[in-house]
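First comes the structure, then the notes that go with it.
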Amino acid sequence: LLYTIKFEEMLAKLSGGYFVYCSDLRTDLLATNGVAAWSCADRVPPEVLQWLSQGRPYTGYEIEEQDTTLVLTVSGLPAVTLKSADPVKILPTILTELSLNEKKREKVNSKQEAAKQAKQAKRKEIFSKSTLRNVALKVAYLGWEYNGLARQINTPDTVEEVLLQGCERCCLIYSAKDYKITRCGRTDKGVSAFSQVVSLYLRSKVANSDGDEPPHDDTPSSRKVAEEYDYITMINNVLPPHIRVLAWAPVGLEFDARFQVLYRSYKYYFPQCDLNIEAMRGAVDRFLGEHNFRAFCKADRTLEEPNFNRTVTYLSIDLVSENKDYPALSVYSFTILGHAFLWHQIRNMVCVLFRIGLGFESPQVISGMLASGVKYNYGMASDLPLVLFECEFENVDWVTAPVGLSKLWFEFEMKSTLVKQLMCKELVSVRDVGVLCDTKLQSIMSRPFIS
């Protein structure tokens, strides 16, 4: 906190007095006329230097003149109002206050450190007596406000970081720092997921069938699931509403969410706007099968020998929500299914489909790009409507529980209703859906669909 000392005497009335304050191990002097300020330790009176040598230099000060009052703000000093014709005489009082306040702060810090150490000791004791088991978590999240799924050094705003911090708060993992976790699909900034799967070791309250309690369990079925912690409720209670654990499953030591997935499916939602949906449907089948998708991805430069071949097993463009009064406001989804995808592959594919739907390109452009591997400067579709929709695994028995999505639904349903009502009100006044809705795809949203 910042505290203020007020001297209710004009500096101009002070006779030969110096006001001294400390900053960065040097002494700054303020001239008696209250106008000039400079750093000059050799001009400090000897008695002042002696007082300073007994105290501790402090940073975080601010001096401001307010009419006849000089306001000095010092970090760590209690609020005191002092009056003096000679500021030098009150300097020991200031230093004493600073010293006392420092002692109080050190006392508080020592208590906090002792409490922290006691908490860590208790946590260490708990985990020394606990068994860990490898657990797969099925997680849903709205990624609009997060910098992607995977943890990053330069930001805490990732889904994994929030999830691991929640597990640490529940005492299911010892520490979120450098904790090993495997993930099914690495979603980028702004991308959501309805069925993301991650695997990690969580604390278990059920011992192995043979009565031993080793650090890790060997098989997913060696301990009863019904007697296990309620992982879903425990973790969801400390997570933000935009991240939900939908289910958990016991898995073996060798389970890896990335490499053992059977397939992944994504959905990309978009309004009809001025798109020719039938033209897009006629072109989408050109992506089916195994192709070199080099022209539809962002190259990962960390790979020495990148493989751009991927197999798409299913594609469709389906109506999600029809608006009979204003077809331009109808919502469709682009669904794609495969075992693995390249970085930004789906958003680049959607961008080309949009250009075909807008009449800028013919369907043959897809075949040409797949054959040549040449990437055109088309940009990329927005991250906002993209969802990792499903991840399928073999021999994984999911345990489910209520996850409390009603509050989240209520929040967005009410926001959506308000926006729709506003649009209906304006449509009546302007009598032209094109004027209000602006059915051009590029301008329908604040984040452009084609960047």
Side-chain angles (χ1 to χ4, degrees), residues 142-144 190-194 265-288 296 312 314-337 345-367 376 378-390 405 408-451:
L142 301 177
W144 312 324
V191 178
S192 302
F194 293 169
S265 68
Y266 284 82
K267 285 183 180 289
Y268 194 99
Y269 297 89
F270 60 93
Q272 179 174 335
C273 297
D274 50 346
L275 291 169
N276 185 336
I277 300 298
E278 293 307 316
M280 294 172 63
R281 283 174 172 163
V284 74
D285 287 344
R286 295 173 183 262
F287 288 119
L288 276 175
F296 293 90
V312 176
Y314 177 81
L315 287 164
S316 68
I317 296 177
D318 306 302
L319 179 64
V320 176
S321 175
E322 184 180 10
N323 191 319
K324 295 182 179 180
D325 295 329
Y326 307 107
L329 301 183
S330 298
V331 177
Y332 288 80
S333 69
F334 166 68
T335 304
I336 182 171
L337 187 147
Q345 176 184 339
I346 298 173
R347 291 167 62 187
N348 279 286
M349 292 169 63
V350 171
C351 178
V352 174
L353 287 174
F354 283 163
R355 295 185 66 85
I356 293 172
L358 292 169
F360 297 157
E361 304 289 350
S362 67
Q364 285 73 23
V365 71
I366 297 177
S367 302
Y376 297 168
Y378 286 158
M380 186 168 57
S382 169
D383 52 23
L384 181 75
L386 181 58
V387 178
L388 175 58
F389 196 77
E390 188 64 63
L405 292 173
L408 192 64
W409 169 85
F410 178 81
E411 175 189 352
F412 286 102
E413 182 67 16
M414 293 303 100
K415 289 180 178 179
S416 174
T417 300
L418 290 176
V419 173
K420 289 177 181 178
Q421 290 300 311
L422 173 62
M423 293 178 69
C424 291
K425 179 178 181 299
E426 291 301 308
L427 284 173
V428 172
S429 62
V430 300
R431 296 182 181 180
D432 185 358
V433 65
V435 174
L436 175 71
C437 299
D438 193 355
T439 56
K440 295 182 182 298
L441 184 69
Q442 294 93 326
S443 55
I444 195 69
M445 294 184 58
S446 57
R447 299 191 202 188
F449 272 82
I450 300 178
S451 58

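Just so we're clear, the structure is a prediction, and the values are computed from it rather than from any experiment. For this chain, numbers begin at 1 and follow the sequence in order.
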Check your understanding: Do Y266 and F334 pass the ring pair (Phe, Tyr, Trp, His ring centres under 6.0 Å) test, and can you show the C-alpha distance, the side-chain angles, and the key distance before you say yes or no?
Key -> CA-CA 8 Å; Y266 284 82; F334 166 68; over 10 Å; no
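The side chain to side chain donor-acceptor pair (under 3.5 Å) search around Q364 returns S362, not counting sequence neighbours. K324 meets the side chain to side chain donor-acceptor pair (under 3.5 Å) test with no other residue; sequence neighbours excluded.
Considering all non-hydrogen atoms of both residues, F296 and N348 come closest at O-CB, 3.4 Å. Here the closest non-hydrogen pair linking K267 and S333 is NZ-OG, 4.2 Å. Smallest separation of non-hydrogen atoms from A381 and Y268: CB-OH, 3.4 Å.
The aromatic rings of F354 and F270 lie perpendicular to each other, with more than 60° between the two planes, well past the 30° mark.
Side-chain contact check for L358 versus L275: some heavy-atom pair is nearer than 4.5 Å. Using a 4.5 Å heavy-atom cutoff, the side chains of I277 and L319 are not in contact.
Geometrically, R355 engages Y378 in a cation-pi contact, judged by NZ or CZ lying under 6.0 Å from the ring centre and within 45° of the ring axis.
For the pair Y314 (side chain) and S265 (backbone), a donor-acceptor distance under 3.5 Å is absent.
Sorted by first and then second residue, the salt bridge (charged side-chain N to carboxylate O under 4.0 Å, His left out) pairs with a member in residues 275-286 read E278-R281; sequence neighbours excluded.
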